[in-house]
Structures are given as C-alpha cells and as structure tokens.
Amino acid sequence: MTVLLGGSIGLCLRRRGAKPKPAPAGLPEREKLTDSMMACLGLCTIFAGASGLVGIESGTQALITVASLVGGYLIGWLLRLDDRVNQLGDRLVARFGGVDSAGSPAEGFVTACMLFCIGSMTVLGSFESAANPAGALQLDCHTTLLIKSLMDFVSSTCLAATFGASVLLSAGFILLVEGALVTLASAIQPFLESIGAMPVIDCVGALILLAIAMNLLGIKKLKTVDYLPALFLPILVCWVLTMCGVAI
C-alpha cells in the first residue's frame with residue numbers, strides 16, 4: 001500500500017516536473033526532503049531496535065545472542081552475502097534496465113523489487129509479524145515492517161518520479177515475497193517457542209535494526225545483509241542446548 005501511495009505521488013511529481021523553489025533571501029538552500037526523511041526514519045529505527053533489547057531474561061540467552069551475532073556475521077562475511085546481493089541487483093538492472101540515464105520502465109520495476117524485497121528488514125520484519133496471535137492485531141509485532149513501509153513510501157516516491165509507473169507494479173511482487181516469508185515464519189513459530197529461541201531471535205533482530213539505523217543516519221556504512229545468518233543461528237544453538245537439557 002505504501003509503495004502504491006508513494007509511487008502515485010512520485011508520478012504526480014514526474015508529470016509536473018516539479019522543481020524545488022529557491023530559498024528565501026538570507027536562508028541557505030533547504031536539505032532534500034528525502035534525505036531528511038531517511039534520517040528521521042533512522043531515529044525511528046533506533047527506537048524500534050532499542051525496544052527489542054529488553055526481552056532477554058537470562059545470562060544464557062545473552063550469551064547465545066552474542067555468539068549468534070558474531071557467528072552469523074562471520075558466516076555472512078565469508079559468504080559475502082551483502083556483496084553478492086548488491087551484485088545481483090546490479091546484474092538485474094543491467095539485464096533488464098540497461099544504463100539509460102533517463103530511467104527505463106524495466107529498470108524501475110527491477111530496482112524497486114530489489115530495494116523493497118531484498119534486505120535484512122524484510123526477513124526480520126516477516127519473522128516478527130509471524131508472532132502476532134491469531135484473531136488479534138498487535139502492532140508491536142509489526143514494528144519493523146511498519147518502519148520499512150514508511151521507508152518504502154519515501155523510496156517509491158523518488159523512484160516513481162524517476163522511472164515512472166513501472167515502480168507501482170513492484171507492489172504485487174513485494175506482497176508475494178513478504179507474504180511467503182510470514183507464512184514460513186508462522187509455520188515454524190511453535191517450534192521456536194518450544195526451544196526458547198524467540199527472545200534471542202528478537203534481540204538479534206533488534207541489534208540488526210540498530211545497524212540499519214546507523215546506515216540511515218550515515219554514522220557508519222555496515223553491510224547488514226551479512227548479519228542475516230545471525231537470525232537463524234539461535235534456532236540451532238537453542239535446539240542443541242534444549243536437547244542437552246540446558247535451560248534457555
């Protein structure tokens with residue numbers, strides 16, 4: 001929905017060819033709205049990440065969190081996940097969109113799909129949303145996806161202003177990918193709860209959110225996709241410890 005809304009606004013700007021108004025006398029040029037909005041969303045992401053750090057209830061869970069984050073990052077670094085994802089995006093854009101500086105429709109569609117669907121927030125948000133109990137809507141289970149939706153709104157406005165209506169077509173692809181991830185996460189949710197892995201996964205996800213916030217604020221460029229394996233290591237560690245009779 002946010003992609004459609006943001007894309008529609010971007011199309012209006014594209015058709016009108018809107019240009020920024022000159023700054024009033026005595027005032028400096030205003031910062032680009034998209035840059036300011038992304039920084040604002042970075043602050044919101046810090047808040048969401050910080051709020052997710054309070055679920056750890058034992059020293060064992062804290063130890064698993066640290067081990068999973070370090071081990072998961074090492075796996076991602078060895079596999080060069082972030083570099084490979086970016087390389088895949090570049091190849092798809094080159095294959096379908098070419099290098100037309102004006103922005104072809106195919107390039108707009110591919111760029112939007114890659115930007116909105118491939119990333120740590122997509123995976124993390126889908127697993128968090130799967131924790132929402134049936135028959136009730138708990139917004140705290142959808143915090144990451146809601147923040148991501150705001151980011152998608154800003155990004156889709158900019159993309160549609162550049163590439164046109166093809167960006168709107170990516171909304172269906174986004175719905176398919178995120179829906180599949182939520183369905184998968186929902187299917188394994190009972191197992192994760194039985195081995196006590198959910199608090200650790202939530203905490204690891206919160207730390208990844210803080211890394212994303214650092215990127216948005218321009219504090220330090222982190223390859224957040226390399227941290228994705230850390231979301232899954234707690235499942236293995238907690239399962240092994242549970243089988244050995246260790247209380248999580």
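Keep in mind that this is a model prediction, so the values were computed, not measured.
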Rounded distance [0.5 Å steps], CG in Leu233 versus CD1 in Ile201: 10.5 Å

Inter-residue atom distance Ile235.CD1 - Ile64.CD1, 0.5 Å rounding: 12.0 Å

Non-hydrogen side-chain atoms of Leu81 and Pro229 separated by less than 4.5 Å: yes

Stepwise side chain to side chain contact (heavy atoms under 4.5 Å, CB included) check, Ile248 with Thr242: CA-CA 7 Å; Ile248 304 298; Thr242 301; 4.0 Å; yes

Rounded distance [0.5 Å steps], CG in Leu210 versus OG1 in Thr224: 12.0 Å

Nearest-0.5 Å distance that lies between atom CD1 in Ile208 and atom CG in Leu228: 6.0 Å

Salt bridge flag under 4.0 Å for residues Lys223 and Asp226: no

Side chain to side chain contact (heavy atoms under 4.5 Å, CB included), paired with Leu231, selected from Leu69, Val204, Val200: Val204

Trp239-Ile188 co-clustered via ILVMFWY side chain contacts under 4.5 Å: yes

Single-linkage hydrophobic cluster Val70~Leu79, side-chain heavy atoms < 4.5 angstrom: no

Residues forming a side chain to side chain contact (heavy atoms under 4.5 Å, CB included) with Leu184, sequence neighbours excluded: none

With sequence neighbours excluded, residues passing side-chain hydrogen bond (donor to acceptor under 3.5 Å, both in side chains) with Asn215: none

Summary of side chain to side chain donor-acceptor pair (under 3.5 Å) pairs that have at least one residue in residues 67-77, sequence neighbours excluded: none

Atom pair CG/SG of Leu192 and Cys238 - distance to nearest 0.5 Å: 9.0 Å

Reported CG-to-OH distance for the pair Leu74 and Tyr227, which is rounded to 0.5 angstrom: 9.5 Å

Cluster link Val66 to Ile75, ILVMFWY, side chain under 4.5 Å: no

Heavy-atom pair of closest approach, residues Gln61 and Gly196: NE2-O, 4.5 Å

Closest non-hydrogen atom pair between Leu222 and Ala211, with its separation: CD1-CB, 3.7 Å

Shared hydrophobic cluster, Ile147 / Leu175 (ILVMFWY, side-chain heavy atoms < 4.5 Å): no

Derivation of the side chain to side chain contact (heavy atoms under 4.5 Å, CB included) call for Val240 and Leu236: CA-CA 6 Å; Val240 171; Leu236 175 62; 4.1 Å; yes

